[in-house]
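Throughout, protein chains are lettered first and strands after them, A, B, ... in sequence-line order, and every chain is numbered starting at 1.
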Number of protein chains: 2
Amino acid sequence: MSSHAFDQAIALTPVAPNLYKGSTSDAFKNMVGPFGGLTAAILLNAVLQHPERLGDPVSLTVNFAGPVGDGDFEVEATPLRTNRSTQHWLLLQKQNGEVVTSATAFFANRRETLSEQQLAAPQAPAPTSLQRVDLSIRNWFKQYDFRFVRGVPFSRRPEDEPETESLLWVRDYPERALDFASLTALGDVFAPRVFLLRQSFTPSGTVSMTHYFHATGEELLQASGFLLGQARATRLHRNYADQIAHLWSEDGVLLLTSTQSVYFKE
Amino acid sequence: MSSHAFDQAIALTPVAPNLYKGSTSDAFKNMVGPFGGLTAAILLNAVLQHPERLGDPVSLTVNFAGPVGDGDFEVEATPLRTNRSTQHWLLLQKQNGEVVTSATAFFANRRETLSEQQLAAPQAPAPTSLQRVDLSIRNWFKQYDFRFVRGVPFSRRPEDEPETESLLWVRDYPERALDFASLTALGDVFAPRVFLLRQSFTPSGTVSMTHYFHATGEELLQASGFLLGQARATRLHRNYADQIAHLWSEDGVLLLTSTQSVYFKE
C-alpha cells in the first residue's frame with residue numbers, strides 16, 4: 001500500500017462477499033467525525049476494489065446519515081443491478097449495526113462520443129503565484145494545499161453584498177496522482193456556503209452529496225496537479241442550502257460536477 | 001383519490017410494512033417505459049405516505065437502473081436512519097424480483113433560519129404571452145403545458161454555436177396544485193441536453209437524478225401555477241452528460257435545484 005496518508009485512510013479489508021472493514025483516520029478528522037469527502041472516497045473505494053466491479057464511476061451520491069465515530073466501521077457494497085455496460089451499487093457504512101452513511105453509485109464502460117464542454121474554467125491567477133492558506137484548525141485541512149482566489153470562509157465584511165462563491169486551487173498535500181478516490185474527496189473540500197455569509201462559525205454540515213465524474217481514469221492521471229474549484233449556493237432557506245461545485249484541471253478541462261445539500265443551524 | 005391523471009399514476013397501495021404496490025400508467029408513457037420524473041414521484045410518494053415518515057423532503061436521488069416494464073411493480077421504502085429531526089430513506093422499485101430503480105431520500109423538519117436566494121430567475125416573457133408547445137409524440141408530454149422561451153430540442157441550425165440551455169414555463173396539464181410529488185416530476189421535464197446539440201433524435205436517457213427541495217409544502221402550495229425552468233449541461237463526454245436545472249415560481253422564488261447524469265449513445 002502507498003504510504004500516502006490518503007491511501008492509508010481509504011484502505012479497506014475484504015472480510016466477506018460484499019463486505020469490507022476499515023477504520024477512521026486521525027489525519028482526516030473534522031470537527032465531528034471524519035472529513036465527509038474522505039468518507040465518500042472510502043465508499044467509492046469499496047466498489048473500486050470489488051471483484052464484480054464493471055467500468056468507471058459516473059455518478060456517486062453519499063448521504064451522511066449520522067456521525068461516524070472514531071474507530072472501526074463496515075462497508076456493505078452490493079451490486080443492485082448489472083447491465084451489459086453499466087452497473088448500479090448500494091453502499092452502506094455501518095458502526096455497531098447502525099447505518100452512519102448510505103450511498104448509491106453508478107459505474108459504466110465509457111466510449112468515445114461527441115465531447116463538448118459548456119462551462120469554461122473561471123479566470124484565475126496561477127496557483128504558484130498564490131500563497132498556501134493555513135487552515136490547520138482541523139486535521140483534514142492539513143492534507144490539502146489550498147490556494148484561494150476569492151471566497152474565504154468568514155471573510156465577509158459587514159458592508160459586503162451576500163455572495164456565496166468561492167474560487168480556489170487545491171491539490172493533495174503532499175502531492176498524489178489524481179484518481180477517482182482522490183477526486184471524490186477533493187469534490188468536498190468546499191466549506192458550507194453559509195460560512196461565506198457569516199463572520200463566525202455556526203453549526204453546519206453536508207447531508208447529501210452527488211458527484212458526476214466527467215473523465216476516465218486515464219484522463220484523471222493526466223490532470224494531476226492543482227485543480228481549480230468553484231462552489232456556490234443558489235438558495236439557503238429553512239436549515240438547508242444547496243451547493244453547486246465544479247473542479248477543472250489546471251488546463252481547463254472540467255473533471256467533476258458536484259452538488260450538495262447542506263444543513264445550517266440558523 | 002383525486003381524478004387527476006398524475007394522482008392516479010403515483011398511487012401506491014400498502015401491502016406490508018415498508019412495502020407498496022403500484023402500476024405503470026399509459027398517460028405517462030415515454031419511449032421506453034414511463035417518464036422518469038413520474039417514477040421519481042412514485043418513489044417519493046412511498047415515503048410521503050409511510051406511517052413513520054418525519055418532516056418534508058430535502059433531497060432525493062433516483063437511479064434508473066433498468067427499464068420499467070408496463071404493469072405492476074413493488075416499492076420497498078425503508079427508513080435507514082431516523083434522528084431527532086431528520087430521516088434517511090432507501091427506496092427500491094422492483095419488477096419480478098429485480099431492481100429497476102433505486103433511490104435515497106432525506107427528509108427533515110425545517111425551521112425558520114437565514115434565507116438567501118443567490119440565483120435570480122432569468123428574464124422571461126409571461127407564460128400567457130407564449131404559445132403552448134405541442135410535443136404530443138410521447139404520452140407524458142400531454143400531461144404538461146410547456147411554453148418555451150428558448151432551447152427547443154433538435155432546433156439547432158448548422159450555423160448555431162453549441163448551446164445546451166433551455167428556458168421554459170411549465171405546469172401540470174390540466175392544472176394541479178403544486179406539491180412535493182408534482183415538483184419532483186416537473187424537475188425532470190427537461191430533455192437530454194444532447195438534443196440541443198443535435199438536429200435529430202439519438203438514444204439518450206437519465207441514469208441518476210438528484211433533487212434538492214428549497215421550500216416547505218405550504219410554500220409550494222402558494223407557488224402553484226407556471227414554474228420557470230432552466231436546464232443546462234456543463235460537460236458532455238464519453239457517453240455521459242451532466243445537467244443542472246432550476247425551477248422558480250412565477251414570482252421568482254427558487255423552489256428546486258436538480259442535477260442529472262444522462263447517458264447519450266454517440
Participant: Would B:S261 and A:S59 count as having a side-chain donor-acceptor pair, cut-off 3.5 Å?
Facilitator: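 Short answer, no.
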Participant: For A:N83 and B:A65, indicate whether the former's side chain and the latter's backbone hold a donor-acceptor pair under 3.5 Å.
Facilitator: yes
Participant: Would you call A:H246 and B:I244 a side-chain contact if the rule is heavy atoms closer than 4.5 Å?
Facilitator: yes
Participant: Check B:E116 with A:R235, please: is the shortest side-chain N to carboxylate O separation under 4.0 Å?
Facilitator: no
Participant: Find out whether B:H237 and A:E219 are in side-chain contact, i.e. whether some heavy atom of one side chain is under 4.5 Å from a heavy atom of the other.
Facilitator: yes
Participant: Is it the case that more than 12 heavy atoms not belonging to B:N96 sit under 6.0 Å from its CG atom?
Facilitator: no
Participant: Using side-chain heavy atoms (C-beta onward) and a distance below 4.5 Å, is A:T86 in contact with B:V207?
Facilitator: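 Counting from C-beta outward, A:T86 and B:V207 never come under 4.5 Å.
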Participant: With chain B as the partner, which of A:T216, A:V99, A:V100 has the greatest number of non-hydrogen pairs under 4.5 Å?
Facilitator: A:V99
Participant: Distance check, rounded to the nearest 0.5 Å: A:N63 atom CG versus B:H88 atom NE2?
Facilitator: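 Taking CG in A:N63 and NE2 in B:H88, the distance rounds to 6.0 Å.
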Participant: Measure across A:R81 and B:P67 and return the closest heavy-atom pair with its distance rounded to 0.1 Å.
Facilitator: NH2-CD, 3.8 Å
Participant: Check whether more than 12 heavy atoms from other residues, nucleotides or ligands sit under 6.0 Å from atom CD of B:Q123, and answer yes or no.
Facilitator: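 Counting other residues, nucleotides and ligands, CD of B:Q123 stays at 12 neighbours or fewer.
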Participant: Just so I understand: if I count every heavy-atom pair under 4.5 Å between each of B:H214, B:Q260, B:E266 and chain A, which residue has the most?
Facilitator: B:H214
Participant: Given A:L114, which partner from the list B:N239, B:T202, B:L197 fulfils the side-chain contact (heavy atoms from CB on, under 4.5 Å) test?
Facilitator: B:L197
Participant: Give the intermediate values and the outcome of side-chain contact (heavy atoms from CB on, under 4.5 Å) for residues B:T113 and A:V194.
Facilitator: CA-CA 11 Å; B:T113 60; A:V194 70; over 6 Å; no
Participant: Counting only heavy atoms closer than 4.5 Å, note whether A:R232 contacts chain B via side chain, backbone, both or neither.
Facilitator: side chain
Participant: To the nearest 0.5 Å, tell me how far A:N109 CG sits from B:R238 CZ.
Facilitator: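 The CZ atom of B:R238 is 11.0 Å from CG of A:N109, to the nearest 0.5 Å.
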Participant: Count the heavy atoms of every other residue, nucleotide or ligand shown that sit under 6.0 Å from CD of A:E161, and state whether that count exceeds 12.
Facilitator: no
Participant: What's the verdict on side-chain hydrogen bond (donor to acceptor under 3.5 Å, both in side chains) for B:S102 and A:T104, showing C-alpha distance, side-chain angles and the deciding distance?
Facilitator: CA-CA 8 Å; B:S102 73; A:T104 56; 5.3 Å; no
Participant: Between B:Y240 (side chain only) and A:A108 (backbone N and O only), is there a donor and an acceptor less than 3.5 Å apart?
Facilitator: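 Side chain of B:Y240 to backbone of A:A108, a donor-acceptor pair under 3.5 Å: no, none is there.
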Participant: Does the ring center of A:F106 lie less than 6.0 Å from the ring center of B:Y263?
Facilitator: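 When the ring centroids of A:F106 and B:Y263 are compared, they turn out to be at least 6.0 Å apart.
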Participant: So for B:T82, is it side chain, backbone, both, or neither that comes closer than 4.5 Å to the heavy atoms of chain A?
Facilitator: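 It is neither, since no heavy atom gets under 4.5 Å.
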Participant: By a 4.5 Å heavy-atom criterion (distance strictly below it), what part of A:T61 contacts chain B: side chain, backbone, both, or neither?
Facilitator: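 Only the side chain of A:T61 comes within 4.5 Å of chain B.
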Participant: So which of A:A103, A:S208, A:A120 has the largest heavy-atom pair count under 4.5 angstrom toward chain B?
Facilitator: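 Of A:A103, A:S208, A:A120, A:S208 has the most heavy-atom pairs under 4.5 Å with chain B.
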Participant: Are any of the side-chain heavy atoms of B:L92 and A:L80 separated by less than 4.5 Å?
Facilitator: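 Touching, per the 4.5 Å side-chain cut-off.
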Participant: When rounded to the nearest 0.5 angstrom, what distance separates OG1 in A:T210 from NE2 in B:H211?
Facilitator: 12.0 Å
Participant: Which bit of A:R111 is near chain B, if near means a heavy-atom gap under 4.5 Å: side chain, backbone, both or neither?
Facilitator: both
Participant: If you tally heavy-atom pairs under 4.5 Å against chain B, which of A:K265, A:Q87, A:R193, A:E98 wins?
Facilitator: A:E98
